[in-house]
Amino acid sequence: MTPIFWSLSEANEILQIMASLNPFAYLLMNYRYAMVFEGGPLYGEMADHLYFWSLTIILIYIGVHIHYRFKNKLVDYL
């Protein structure tokens with residue numbers, strides 16, 4: 001679903017919605033806009049940036065919480 005070889009604007013509406021929810025699509029489109037296109041260095045609107053960074057912070061918080069909860073049993077699980 002990441003738009004590496006295709007432009008997000010060329011996809012149909014359902015794929016555009018699904019790709020906009022994918023955080024890797026956000027990173028790839030930022031890279032494309034910074035390196036390939038002559039536009040500004042950031043892709044999307046403020047809502048896209050807030051979605052990506054809030055999702056990133058939530059996933060980091062969940063990962064840290066799980067790590068601290070199971071740090072004594074980590075060797076047993078490995």
Side-chain angles (χ1 to χ4, degrees):
M1 279 304 304
T2 54
I4 296 174
F5 297 112
W6 51 275
S7 176
L8 191 57
S9 61
E10 296 174 1
N12 63 13
E13 191 172 331
I14 295 171
L15 286 177
Q16 286 180 358
I17 293 170
M18 290 175 62
S20 67
L21 296 175
N22 186 353
F24 290 111
Y26 170 82
L27 291 174
L28 287 171
M29 292 305 287
N30 271 327
Y31 177 77
R32 287 176 81 186
Y33 270 72
M35 298 296 182
V36 177
F37 299 127
E38 295 178 3
L42 291 177
Y43 164 75
E45 300 174 2
M46 185 56 82
D48 297 329
H49 305 302
L50 288 175
Y51 170 74
F52 174 76
W53 288 109
S54 61
L55 181 68
T56 302
I57 290 170
I58 288 170
L59 289 176
I60 288 173
Y61 175 75
I62 291 170
V64 167
H65 181 69
I66 290 172
H67 172 72
Y68 279 125
R69 187 172 180 190
F70 294 112
K71 70 180 179 181
N72 295 332
K73 300 177 186 177
L74 183 64
V75 176
D76 296 335
Y77 290 133
L78 292 177

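Since this is a predicted model, take the numbers as computed values, not measurements. Residue numbers count from 1 along this sequence.
- Note: the hydrophobic cluster containing Leu21 also contains Leu55 (ILVMFWY, side chain heavy atoms under 4.5 Å, direct or indirect links).
- Between Ala25 and Ala19, the closest heavy-atom pair is CB-O, 3.2 Å.
- Residue pairs meeting the side-chain hydrogen bond (donor to acceptor under 3.5 Å, both in side chains) criterion with at least one member in residues 45-56, sequence neighbours excluded, are Tyr26-His49.
- If you run side chain to side chain contact (heavy atoms under 4.5 Å, CB included) between Ile62 and each of Ile58, Ile60, Val64, only Ile58 comes through.
- Met18 places a side-chain heavy atom less than 4.5 Å from the side chain of Ile14.
- Met29 and Met46 end up in different hydrophobic clusters when Ile, Leu, Val, Met, Phe, Trp and Tyr side chains are linked at under 4.5 Å.
- A continuous path of Ile, Leu, Val, Met, Phe, Trp and Tyr side chains, each step under 4.5 Å between heavy atoms, connects Phe24 with Phe52, placing both in one hydrophobic cluster.
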